[in-house]
Amino acid sequence: MTVIGFKAYMSGTQVVRADDWEHLPDVGIQVLIIYYAETFPIWVGDHQETWNYKKVLQGFDYYWRTPDGEYGCSSAEDIPEGAAVKRTGEQLTDAGWLALYNRALNDEVW
Amino acid sequence: MANGFKVGEFNKETSGVANTTQAITGVGFKPAAIIFFYTHLAVEGFTNTFASCGTGFTSGPSNSFSIQGGLKSGATVGSGFYGRMGTNAICFNDPINGTQNPNSVADLVSFDSDGFTLKWTTSSTNAFKIEYIAFANAGITNAFVGETTCPTTAGNVGITGVGFQPDIIFFLPTQNSVLNSGDSIFNGSLGVAMSSSKRWCQAPGGIQASMTSGTHWKTYQRTDACLLNLTTSGTEAYRADLVSMDSDGFTVNFITPGSFANYYGYLCLKGGSWDVGSFAANTSNTAQSVSGLAFQPDGAILAGFGYAASTSIQANGVVAHGAFDGTNQETNWMTATDATSSAGTETSFVTTKCYREGTTSGTVSREAGQTSLDSTGFTITWTTSNATAVQVLWVAAKISSVATTPVSQTAVSNYEALGFLNPVKISLHEARGPALNTATSNHEAQSLVLIGRTHLYEAELGVGQARTANYAATGLITSPRTSNYAASGAAIQSAISNIEAVLSVVQARAAFYEAELAAARSAISNHEARGFAAALATSNYEALQNLLRTAGSNHEAIARVLKAASSYYEALQSLARAAAQNYEARGSVAGLAVSNHEAVQALARAAVSYHEALQQATRSAGSNYEAELGIAQARAAYYEAVLAVGSVSMSRISNMEAAGPVIAARLANMEALLSAAGSRPANFEALAGLSSARVGNLEAVATISTARASAHEALARVLQARVANLEAALGISSARAAYYEAMQALGSVSMSRTAYHEGVPLVTPVSSSRTSYLEAISLITAGRPSNYEALQALLRAATTPVEALGSTARAATSNYAATLTALRAAIARYEALGGGTVGLAISNYEALFGGVSAIGEVFLQAFFALTLSRTAMFARDTELEADVARTVDLISKFNTK
């Protein structure tokens, strides 16, 4: 699949939109969404929409991209060798984190 | 139990002995598939010692999948969560005892006529209550339970091996990637899908958090996905939507792929009528109806997560499942608290409600019971409600419990049958297309032939008309007085013009109807094309209807053509009859003169040609009986005209008969002269008169001979006329026979028309054609006596001239006898005159001899006898010897000449 951009949901209310990995913040990313060029139709309510495939990364302390273009998140010991790395920021409360996550979950548009 | 959707419940057997079977009865029918809902409760009520829910599918022995999640009260990080899934109909973990080991596991042994039989491969003494929804085998044509793993990459995934195209699929998503295993996770998801727009899924998730210190209990429910589950972090583990129902399974699109290849199970059903939806629950204790379904359901399944509609993951939600069938209802629910170090839990089930939500405090927060199954939906009534318009998911079904095809399936079968029938019809129409084209080509070729024949007949008609005109002119020249011929010619021309007009009209109508036929054929081709296109849709029927309508128009056009042809033939028949009457009239006029009759004959022949042309022209249109009738009538007129020629011969005979008295008068004159001469024998003038009288007698004899010759000639002509009359009579008889045959044929035409009218009820009444037929028969019967009468008249006419000839011959004989008497008298007078008159007499005889040269042998003999008589009388007179010698010499000379 072809990556067309990223959205980083930060510890505060900020959301950083970037079309390149290098432009994303290095620290403070709570949820990272990778958007792909590929789309699919989906019925939402009483109408059909076209959504891009996306991948939501969260739940671990480090986000990374391998030299061959794979993306993921893991704890420190599982970071692939040679990967470019971004870090998670502060730990949020369950409610705060869930609200932020749900925003990212429903952010279908790049 | 009238429907094939049964909600029931039973308690697990409690022997604790593995492989114990348990038969469940009272279902009311043999199931095709069952969905089980269960908790760890054995009796109705509440428990706060654990939260649990489980769901199982089975469509037959070794064709099951089930999940179960449990959360023990007071669970903390690293303990208290239990989940299980596997290819069993029912599975229980063991939150009661705080272990991940299975408490009880059952497989389906059989579907029975009034229920089903389970075998508890792992058993316990716990009498857990198990609720079920059974779907009747009579209404479900196919059922299949399978399991597979979710992909780790996004996109479509096709599931095959189901064996049929499902109408509906129930899903059981799990967080397990190892089949038939337990784990410290919670499995409680349920999804359903009918199409890419009718689907829903709920996903409770309980995990022993590794990220936070508290217990995570989340719920997640969406109506734009059919597969959904949560991760051990309480986030979306995977999400998929239905793309299509396929012939051997289905295709789902994984919008969010799994990080792990977690299993999900599915129950595919085909048969019955189904619908899927959701509604926002009333916030007061009122009835709430769901409507708009295409059928009256036999029952419904309800599910909820305790929140209003949202695509977000919720904390502290519930898992509620319920069902009702109009008689029975069941519901169970569970909940837990999120983000606490020690989870509060609550579970309950009740068989007097179809939906319930509650709190961890053991209170009911929302509850409803079934009210009715309506013609297009169902109604429940909220008996406990709150201010949150929670989203309630539902599945409604109509499933027959008897072996009849559900309405929707009948419709599908009909459409499938149409799918097979329509190509067959299309093939037939395609086959008919070339056939029609061939028929059209044939008809076009026939049309060309007919047009050529028509031209030929028109040319023949023109020749006949020219002949008629010529003969009419001949008749006029021959007999200027008979102006009837001119009238007849004009009548014929008028009739010809009428026929030409009728032909033009009929041809125009035929061209019109042919154009209609061509248009109809074109329409047929168009509809065939439509039929082709419509083969992909049910609109083929409309095309078929149009085809039938077009075929009807085609037949109507054909009927109109036939009707026009009938009118055409009727017009021809009337014209032919009128022409025959004209000819008969002319036959009467022709009796005036031979030449006139000849002209009439010619006219009749022309009319014959004309009718023959009409006959050919009519035959080209399919019926020539009317023209044959005209020909027969024309031939009759012709023979009647020939008969009139016989009358002319009779006229000549009358003339010859009239000549007899003239001769007699001349003889009387001569006798008077002889008398005058006898009174004065010495008078040379008297002698001269006597000589002249003799000459006159000779002339009279000559005239008589001439008359006799004429009489013979007349006799010959009479005989010829008689022959001609007989031939004419024969011809008339034959013609009338032909006429009667034609009439019979016309009768056949009438019968054909009768058949035609019977076939086409809206045209001329059948009785009218039958009457025409009977009238034709009557005319034939009436015509036969006339024919015999005509023959008798002919015979009489042929006899009369012969009789007249006999009279003429007798008159001629009398004339000869009178002549001989007169001659003898003259001789006697001559002898009385004495010798003085002999020389003059000899001179007169010489003169007579010169006049007699052209007379026949009989007269000569008479004259010779007279001479001999005179010689005998004058022999005594020597003075006459020289004269006798001279007379002999004269006779010698006469003989020499």
Side-chain angles (χ1 to χ4, degrees), chain A residues 1-4 9 30-63 69-75 77-78 88-109, chain B residues 152-156 193-200 207 209-220 222-226 228 230-244 251-259 277-278 309-316 337-340:
Chain A
M1 303 181 81
T2 304
V3 175
I4 58 172
Y9 282 75
Q30 293 292 333
V31 178
L32 178 64
I33 308 176
I34 306 167
Y35 290 92
Y36 297 94
E38 289 76 10
T39 63
F40 61 91
I42 183 169
W43 279 92
V44 179
D46 59 354
H47 66 283
Q48 194 174 52
E49 295 181 1
T50 301
W51 289 359
N52 291 87
Y53 283 107
K54 66 180 186 179
K55 186 175 185 178
V56 179
L57 301 178
Q58 51 77 35
F60 293 92
D61 291 341
Y62 295 94
Y63 303 91
E70 289 186 6
Y71 297 90
C73 65
S74 66
S75 56
E77 61 269 24
D78 294 328
T88 301
E90 60 179 307
Q91 182 169 321
L92 304 179
T93 63
D94 262 9
W97 183 89
L98 185 60
L100 187 141
Y101 175 77
N102 277 328
R103 283 178 60 199
L105 184 67
N106 290 283
D107 194 352
E108 306 294 350
V109 180
Chain B
T152 55
T153 55
N156 289 350
M194 280 184 67
S195 68
S196 60
S197 61
K198 288 192 173 184
R199 72 289 197 206
W200 52 252
I207 49 105
S210 61
M211 189 174 161
T212 66
S213 58
T215 300
H216 283 256
W217 174 247
K218 312 288 186 192
T219 54
Y220 190 27
R222 300 182 68 134
T223 57
D224 59 359
C226 63
L228 204 61
L230 296 176
T231 67
T232 54
S233 301
T235 59
E236 186 177 75
Y238 55 87
R239 172 159 49 110
D241 192 12
L242 183 73
V243 175
S244 61
T251 298
V252 288
N253 172 33
F254 275 83
I255 301 165
T256 300
S259 297
S278 64
S310 171
T311 55
S312 296
I313 296 168
Q314 307 294 337
N316 300 315
T337 51
D338 181 37
T340 61

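Protein chains get the first letters and strands the later ones, always in sequence-line order, with residue 1 at the start of each. Please read all numbers here as calculations on a predicted model, not as lab measurements.
The structure places OH of Tyr101(A) at 4.0 Å from OG1 of Thr235(B), a figure rounded to the nearest 0.5 Å. Here the CD1-CD1 distance, from Ile255(B) to Ile42(A), works out to 3.5 Å after rounding to the nearest 0.5 Å.
Heavy-atom distances place no part of Glu49(A) under 4.5 Å from chain B, backbone and side chain included. Of the two parts of Thr256(B), neither the backbone nor the side chain holds a non-hydrogen atom closer than 4.5 Å to a non-hydrogen atom of chain A.
The nearest pair of heavy atoms linking Gln314(B) to Leu98(A) is C-CD2, 4.3 Å. When all heavy atoms of Ala154(B) and Tyr53(A) are compared, the closest pair comes out as CB-CD2, 3.3 Å. The two residues Asn106(A) and Ser312(B) have their closest heavy-atom pair at ND2-OG, 3.2 Å.
Between Val56(A) and Glu236(B), the closest side-chain pair of non-hydrogen atoms is not below 4.5 Å. Lys198(B) has its side chain out of reach of Trp43(A): every pair of non-hydrogen atoms, C-beta onward, lies at least 4.5 Å apart.
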Check your understanding: Can you check side-chain contact (heavy atoms from CB on, under 4.5 Å) on Tyr220(B) and Leu105(A), steps first, answer last?
Key -> CA-CA 12 Å; Tyr220(B) 190 27; Leu105(A) 184 67; 3.2 Å; yes
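Chosen from Thr153(B), Asp241(B), Thr223(B), the residue pairing most often with chain A at heavy-atom distances under 4.5 Å is Asp241(B).
Between the side chain of Asp224(B) and the main chain of Val44(A), no donor-acceptor pair closer than 3.5 Å is present.
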